[in-house]
Every structure is written in C-alpha cells, then in structure tokens.
Amino acid sequence: MPRRRIGRTTDLRRGDRVRGQRTRLEGTAVSDGFARFTDRSVVAMRVNGDLKDLATTLTVDDVVEPVTIDSADGLAILRHSTAHVLAQAVQRINPEARLGIGPPVTDGFYYDFDVAEPFTLEDFKPLQKEMDRIIRQGQRFVRRVVTEDEARAELENEPYKLELIGLKGGSDAGDAGESVEVGGAELTIYDNVDPKSGETVWKDLCRGPHLPSTRMIGNGFALMRVAAAYWRGSEKNPQLQRIYGTAWPTKDELRAYQARLEEAAKRDHRKLGRELDLFSFPEEIGSGLAVFHPRGGIIRNEIENYMRERLIANGYELVNTPHITKGHLFETSQHLNWYKEGMFPAMHLDAEYDADGELTRQGQDYYLKPMNCPMHNLIYRARGRSYRELPLRLAEFGTVYRYEKSGTLSGLTRVRGLTQDDAHIYVAPDQVKEELARQLEFVLETLRGYGLNDFYLELSTKDPEKFVGTDEMWEEATETLRQVAVDSGLELVPDPGGAAFYGPKISVQARDAIGRTWQLSTVQLDFNQPELFELEYAAADGSRQQPVMIHRALLGSIERFFAILLEHYAGAFPLWLAPEQVVAIPVADEYAPYLEEIVARLTSAGVRASVDRSDDRMQKKIRTHTTGKVPLQLIAGEQDVAGGSVSFRFLDGTQLNGVPVDEAVERIRRAIAEKELVLTAWAE
RNA sequence: GCCGACUUGGCGCAAUUGGUAGCGCAACGCUCUUGUAAAGCGUAGGUUGCGGGUUCGAGUCCCGCAGUCGGCUCCA
C-alpha cells in the first residue's frame, strides 16, 4: 500500500476544494488518508467523527473529513507529535530518563520525565539540536495495536507507562493528560520509523493520532521552560521533571506567538507597578501583602469611588465590618470546617495563668477573616426583618486575609491580604430569579464603565463530592442561573463540578485588550448560610420564612482587578483613572506662570494637573511624562501665550495646537466625566 | 507546601579561573534651556537579600533561612 506522501508534489487546487468538506469514497477501492487528501496541510482526518492518522484504512461507508495543520485539532496533533520528538531526544541524550506523559496543551505541549537530575535551561540547546535532527530525518509515526501483555513486555523499562496500562482497565483513566496515552478503545504504540532503513528508532505508548512524519514539525517549535509536576497530578505522588514547549506550523507563527508573549510581558502589572510607582510588596510586611503608593492609591480610589456610586444608585446599602473575629463565627459559618487550611492560624487571646502556670482564665481564638459573609449575616440578624425589606442588599469593600500557599502567590493577582467588593443580597425565594437577572445586568454594566466590554459567562455546577443541601435545591437554582445566563445573550460555558459546596454560581469572564480572559464577577447562590445562621424574615402572612442568600463580587478583589486593568491598559489608563491627568510643559521657564494659571483652573475643577517646572529641557519633559503615561500634556510658548491658547500633546505623539484656553479646560473636564480613553488627538 | 532558577545602590544591568564592587537611568547641585521622546558638568548613594561555613582572601564555592520568578498542587 502506498504510504508516504510528505514532500511530494501535490495538487493544491484539489486540496483547497476538499478542505473542510466531508467526502464519501466513490467506487469500491480500499483507500487511506494519503490517497484521499493531497493537500499537504492535511495532517490527519476525522473518520466518522473520530480523529485518525492519515494512514488509517478507509472503507466505502466512512464519512471522512480532513484535519489541516492549522485547525485546532491539527495544531494539537502537531504539538503532540512534537512532544514525542522531545521525549525521543531526551532519551537519546539520557537513556536513563523514564517517560511520564506528554500531551498537547494550549499553545504547546509538555512531556514529563523521571530523571536523576532536574533539567536546566542549559539542557535546551542540545535537546533542540537533537530534535532538529529527528525532525530532519523525517521519521514516520506508525500506529500499532498491541495487547496488554505485549505492551507490558515492550515497555518493561517504563514504569509510568506500565502504571497507565494498569489504569486503563480501571475506571479512573479519565484525566486529560493520561487519556492521551491510553484513552483510546484499544492500546496502541506509536513507532518512530526511520524512512530510509525502515527501522523503528523509538516508540511510545500513545493513543494518537500523529503527524505522518516528523518532518512536518519543521522549525516552528521551541522549548520554553522547565518545571516539576506531580505524577498524575497528585501531591501524594512523586514529582517528575516537565519540559514545556510550543509548536506552530511555521516559523513565522512561532515568532508571532513569541511576540505575543513579549507583549504580555511588557504589560506585566508587577513591572508596570514598579515603573509607574503604583504599589510594592515590602519584604518587611510579608509575602502577598501589598502597599499602594500615592499614584496607585489614586487609581484604587477612583476604582472604588465609581463602584460606590454604582452601588448607591442600584439599591445597595453600604456596611462596614472588622477584620478579625472570634472563632465561633467561623464555626457557625462552617469555614473553620471546610477552609481552615486557607485561613491564617488563630490568635489565642485572653488566657490567664497563675504563678504555677495553671490556667485561671479560659482564653479564646480569634481569626483574621477570610470572608465577609458571616459578618453580613450578623447585620441581617441584628434585628427582625420584614419581607418588605427584601431584597436587602448589603455591600462592603471588605478586606480579608487568606493564607495562600507560598508557591501560589503572584503579584497582585494572588495575595494574602485582599479587599473584596463584596455584596450579600437577601431575597425571598420568589424574588431569586428577578434579582439574579438584575445582578447580572448590574455587573455587566458596571464592568463596561471600567472599559471592559468583551464577556462570556461560566456556569459552575455541583461538585458531587463536596456539597450541602438537597439535589432538588441545586437543580432548581442551577436551572434559574442557566435561564438568567441564556437571557443575557452572552456565550455560556459550562463548568461542571466547579461550584463551591454551598451553591451554584455564574461567573463573568472578561477578555482584555490582548485577548486574555480573566474571571471577574461572580454571582453565587447560597442555600447553606441562611440555615446555619438561622436567618429569617416575617412574611406577609405573618409566618417566619428563610431568605435565600446571593453572594455577589463584582471586581473579585480590588487588588486583582487593579492588576487586570493595569495590564488591560498597559499602564495608559483612561483619563478618569490616570493618577496624573494633565502635565503642563512650558516651552521655556518664562511661560510657566501662564500655564500655572491654566493648571489652577483645572485643579479647582478637580482635575489632577500640574506644571513641570523642573530644570529639564522641554523635550526631556515630554519624554518623561510620555514614558510616565500621563494622558495629556499641555504645552505653551510664545505663540500660545500671545493667542490665549494652549497646545495638546497626546500619548501617541499627536498634537492639537492653539486651542483656546476655555475650550481646552472644558474639553478636559468632559473627557474625565465621560471616562474617555485618550491615547491620540481627539477629533473636534 | 513541592521542584527548579534567581536575588549586586530607588530601577535596569556589569564584574576573567575566588584577589577585595562598576555602568546607565533616577536623585541632588551648578551652568544651560523659545515649540513636541534624553543639554552639559559635577556630587552623593552598595558591610553584593539575611545568617553561618570553606579559604590568606568570597559578589563569585558550600549549608541554612527569607524573598521573587516559572511550574505542580491549591484557589471559599
């Protein structure tokens, strides 16, 4: 049977026509993907819906679709095959290395190895070289079905693979990575065959499918980083050494990917936070505990002030609660039961001892609060509640402390001290649906105010291992959330098992300026706490009823939201958020008084403006404030003074010269009031 | 918490095989500055994250701790 088609002359016209279409074999000839698809970019195919190698034999009745290398499936196959090449290279260099798993992941792949010495970056060069050699050799990936016994015999030196073979029989071979190895209906080994000698040079237990030849990997791959990873994802298991790589159909696409990473690195909020003097993490205070500098403080306050305006305009009542509480409260709320690991350890206070060291007064445990809801429940419970008060919406910028593991801390996005914009809404059961819809609308509208406007929703449903309440409650609430989500018209992604133990939730995911998604707001039902806290209200008929509780965080944490906005805007904030909104630069010092007058008008109108009277030259000042991301520079010299005007310079270097002062002041005020993002000269 | 890498003045970086810390920016001072991204000269600033050890000698080597980064696990 004809096999290799890579590198031969192909009929691209036919390939183009065939691409993406289902075809049915005509006549009676037995065929395979090579015969069927002549387009070189076709690397695999879907046969009756299943991904298969091109070498798979096709029958007359098969419905076959081509899988091109640039499709999602094709990229995954490319990356998976590249992972195999990496593993082969590793074992060529270090025959002692034992294989873990090597699946494709977003934008790349990884392969886990058990090696005596962890990999370092220095290992990459020889590994890449070896991979190049394997790729140029044009090894064929050849699928071979084996029995369990055969597989065990062939892989006797690969203990991890043997473990996977053992798992296949069991019920728990469900993990995404593992299923790449043994997830198929039958056990298969992929042989890497030297096309010249026909000799098998390497092999791996694998479900496939794979590229027809290593040659198709080309030069669009790169090794990225090393890491350790627990075998089969459990910290109870030993750690393997993982190498991450990326692979693309062409070198250009690889370069584009690397450029995207660089763009993201440029926006890194930790870097910008330092450069723009916004915040820091003093070692003296402790890991994951941020301090906001004056400029960061302005941004943070603007974020909060806008939020407060929105809350008040939407029927919320602002409350305030302490940061520390007796342990009993978190026993009532069950946090000490479910989440003690994530809480700072107790402070044991008020115990007294006599001279003999005997306890004379019982002390008690106080905890830093990891959540605000128990405190809000106490406010609800502070007096009798009537159905007339519902929905009762309590909101707070509540600072909480969580003992995150040291290895998980990361800039402002994962901290130990954070301020949640936290709201708890207590409603009668028949108000749930309307309130949820209202909340979702409120959340989206508010996020748009911050300049985010590309959203999708995620519905997190019951984790069968970890939940309270009845199945009926969950089903009803989940269905309500689903309806509200569907009514919003936004894309809805299911997150099965992702809910917290006390209720299902909807979360809003926002895409930022460079297409990354962040989980922001959550709207979450809670059947548990109203019961634990014995919350109730007097219904119209005088009976006592239990309210339903809705947790609603809009920004997540202020710190994390700050980081997201900082990266979204790459430090160049919309006018209303910018720490310095206007800097005035005189062409020479003698024009400074003229600008002082204009700036005085601006500051008295609430604009954050100043005149740069340092003894730098004008060009230097322009540079300083451009790199400092000040959105508006006002420049004046002889011409503007004579004309009673002023000249604007914008962040991208565009200018608007000779603007009458009254007009300039008014335009600036308007841009702030309307939350404009001003990066270039505005069109009048 | 686990694995690995890293930690030099406010920031970004240098310091041959271990020989006793330099540069740029920022800061400060002086002189200069007339139209849109870096004027010139000078001054000050570091017990090289912290604590031990090896050595005649440690920023360089070893051990411990802390912090940061990349992953894993976790994320109410």
Side-chain angles (χ1 to χ4, degrees), chain A residues 110 112 117-122 224-244 265 268 270-271 274-277 280-288 330 333-335 337-343 370-374 400 402-411 413-415 418 420 466 498-503 505 519 522 524 526 528-529 551 553 556-557 560 585-591 614-628 633-641 647-658:
Chain A
Y110 65 80
D112 288 343
E117 289 295 316
F119 297 105
T120 67
L121 266 6
E122 280 86 73
M224 302 295 286
R225 52 177 57 105
V226 294
Y230 297 105
W231 168 238
R232 301 189 56 223
S234 167
E235 35 182 349
K236 295 185 192 81
N237 290 337
Q239 282 194 333
L240 303 181
Q241 295 303 314
R242 174 172 296 180
I243 295 179
Y244 279 92
D268 190 314
R270 294 166 296 196
K271 177 177 138 80
R274 217 177 8 249
E275 287 173 359
L276 301 177
D277 192 18
S280 61
F281 289 89
E283 229 181 284
E284 293 84 342
I285 296 178
S287 293
F330 290 114
S333 70
Q334 293 283 309
H335 286 107
N337 185 16
W338 292 88
Y339 294 110
K340 189 164 187 182
E341 298 300 299
M343 292 170 66
M371 291 202 93
N372 299 302
C373 32
V400 299
R402 298 175 177 183
Y403 187 72
E404 303 284 0
K405 290 184 195 172
S406 61
T408 66
L409 298 170
S410 177
T413 56
R414 196 77 185 271
V415 290
L418 57 135
Q420 294 182 309
K466 201 176 175 185
F501 70 90
Y502 52 76
K505 77 171 177 203
Q519 179 182 311
T522 59
Q524 180 151 25
D526 190 338
N528 194 222
Q529 290 201 37
H551 300 250
S557 84
R560 181 165 169 278
I585 299 170
V587 167
D589 201 47
E590 61 180 285
Y591 308 110
S614 68
D615 50 11
D616 286 331
R617 286 159 134 85
M618 177 188 62
Q619 287 82 347
K620 179 61 187 295
K621 292 178 184 177
I622 288 170
R623 180 173 204 276
T624 302
H625 300 110
T626 304
T627 55
Q633 296 179 23
L634 286 184
I635 295 170
E638 189 56 46
Q639 278 168 298
D640 279 307
V641 170
S647 295
F648 283 88
R649 185 190 158 100
F650 301 86
L651 273 178
D652 68 344
T654 51
Q655 351 177 342
L656 221 52
N657 296 325

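By convention in this document, chain letters (A, B, ...) are assigned in the order of the sequence lines, proteins followed by strands, and residues within each chain are numbered from 1.
For B:C75, the base has no donor-acceptor partner in the side chain of A:Arg402 [N/O atoms by modelled type, under 3.5 angstrom]. On a pure distance criterion of 3.5 Å, no polar donor-acceptor pair joins the side chain of A:Glu404 and the base of B:C75. A:Tyr230 contributes a side-chain N or O that forms a donor-acceptor pair with the base of B:G1 under 3.5 Å. A donor and an acceptor atom never sit less than 3.5 Å apart when one is taken from the side chain of A:Arg232 and the other from the base of B:C72.
Contact check, A:Arg274 against B:G12: a side-chain N or O comes under 4.0 Å of OP1 or OP2. At B:C72, one or more side-chain N or O atoms of A:Tyr244 fall inside 4.0 Å of OP1 or OP2 (strictly under the cut-off).
One C1' atom belongs to B:U73, the other to B:C11, and the distance between them is 34 Å to the nearest Å. Here the separation of B:A39 from B:U47, taken at their C1' atoms, is 37 Å to the nearest Å. Look at the P atom in both B:G29 and B:C61: the space between them is 41 Å, to the nearest Å. Comparing B:G12 with B:C72, their C1' atoms are spaced 31 Å from each other, to the whole Å. On the C1' atoms, B:G57 is 15 Å away from B:A21, given to the nearest whole Å. Of the C1' atoms belonging to B:G53 and B:G46, the separation is 24 Å, rounded to the nearest Å. B:A44 and B:A37 have their P atoms separated by 34 Å, with the value rounded to a whole Å. Taking atom C1' on both nucleotides, B:G35 is separated from B:U31 by 23 Å, rounded to a whole Å.
Contacts of A:Glu590 classified as side-chain hydrogen bond (donor to acceptor under 3.5 Å, both in side chains), with partners at least two apart in sequence or in another chain: none. Not counting sequence neighbours, the partners of A:His335 by the ring-ring contact (aromatic ring centres under 6.0 Å, His included) test are A:Phe330. A search for side-chain contact (heavy atoms from CB on, under 4.5 Å) contacts involving A:Ser406 returns A:Arg416, not counting sequence neighbours. By the ring-ring contact (aromatic ring centres under 6.0 Å, His included) test, A:Tyr244 is found to be paired with A:Tyr110, residues two or more places apart in sequence or in another chain being considered. Take A:Tyr230 and apply the ring-ring contact (aromatic ring centres under 6.0 Å, His included) test, not counting sequence neighbours, and it matches no residue. With sequence neighbours excluded, the residues that form a side-chain hydrogen bond (donor to acceptor under 3.5 Å, both in side chains) with A:Asn337 are A:Gln334. With sequence neighbours excluded, the residues forming a side-chain contact (heavy atoms from CB on, under 4.5 Å) with A:Glu638 are A:Tyr591, listed by chain and number.
Contact of the A:Gln655 side chain with the A:Ser647 side chain is not registered, since no non-hydrogen atoms from C-beta on lie closer than 4.5 Å. With contacts defined as side-chain heavy-atom distances shorter than 4.5 Å, the pair A:Val226/A:Thr120 does not qualify. With a 4.5 Å cut-off on side-chain heavy atoms, A:Leu418 and A:Gln420 count as touching.
No engagement by A:Pro586 is indicated, since no non-hydrogen atom pair under 4.0 Å with the nucleic acid exists.
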Seminar exercise, completed: For nucleotides 4-9 of chain B, 5' to 3', base contacts (B), sugar-phosphate-only contacts (S) and non-contacts (-) with protein non-hydrogen atoms under 4.0 Å give S-----
Seminar exercise, completed: Whether each nucleotide of nucleotides 27-40 of chain B has a protein heavy atom under 4.0 Å at its base (B), only at its sugar-phosphate (S) or at neither (-) is summarised, 5' to 3', as -----BSBBBBBB-
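Distance, A:Leu418 CG to B:A76 P: 12 Å, rounded to whole Å. One atom, CD of A:Gln524, and another, P of B:A76, lie 8 Å apart when rounded to the nearest Å. Going from atom NZ of A:Lys271 over to atom C1' of B:C25 covers 14 Å, rounded to whole Å. Going from atom CG of A:Asn237 over to atom C1' of B:U73 covers 11 Å, rounded to whole Å. Separating the NE2 atom of A:His335 from the P atom of B:C75 is a distance of 14 Å, rounded to the nearest angstrom. Between the NZ atom of A:Lys405 and the C1' atom of B:C3 there is a distance of 14 Å, given to the nearest Å. The separation between A:Lys340 atom NZ and B:C75 atom P is 18 Å, rounded to whole Å.
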For this session: Evaluate salt bridge (charged side-chain N to carboxylate O under 4.0 Å, His left out) for A:Asp616 paired with A:Lys621, printing each intermediate quantity in order.
Result: CA-CA 6 Å; A:Asp616 286 331; A:Lys621 292 178 184 177; over 6 Å; no
Problem set entry | Criterion side-chain hydrogen bond (donor to acceptor under 3.5 Å, both in side chains) on A:Gln241 and A:Asp112, from CA distance to verdict | CA-CA 5 Å; A:Gln241 295 303 314; A:Asp112 288 343; over 6 Å; no
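Base orientation at B:U34 is syn, since its O4'-C1' glycosidic dihedral falls within 90° of 0.
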Protein-nucleotides 62-69 of chain B N/O pairs under 3.5 Å:
unit_1 : atom_1 : unit_2   : atom_2 : d
B:G67  : OP1    : A:Ser287 : OG     : 3.1
B:U68  : OP2    : A:Ser287 : OG     : 3.2
B:C69  : OP1    : A:Arg270 : NH1    : 3.1

Using the 3.5 Å cut-off, write out each protein N or O paired with an N or O of nucleotides 42-47 of chain B and the distance between them.
none

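Each of A:Gln239 and A:Tyr339 was assigned the nucleotide of RNA chain B with the nearest heavy atom; the assignment lying further toward the 5' end belongs to A:Gln239. Mapping A:Glu235 and A:Met343 onto RNA chain B via the closest heavy atom, the residue that lands nearer the 5' end is A:Glu235.
Across every non-hydrogen atom of A:Pro370 and A:Met343, the tightest pair is CG-CG, 3.7 Å. The two residues A:Tyr502 and A:Asn528 have their closest heavy-atom pair at CB-CB, 3.7 Å. Taking each heavy atom of A:His625 and A:Ile585 in turn, the nearest pair found is ND1-CD1, 4.0 Å.
Checked by atom type, the side-chain pair A:Gln633/A:Thr626 shows a donor-acceptor distance below 3.5 Å.
With pairs defined as Watson-Crick or G-U wobble and both atom distances under 3.5 Å, the stems of at least three pairs that touch RNA chain B come out as B:1-7 with B:66-72, B:10-13 with B:22-25, B:27-31 with B:39-43, B:49-53 with B:61-65.
The closest donor-acceptor contact from the side chain of A:Thr654 to the backbone of A:Phe650 lies at 3.5 Å or more, if one exists at all. Here the side chain of A:Ser410 pairs no donor or acceptor atom with the backbone of A:Thr413 at under 3.5 angstrom.
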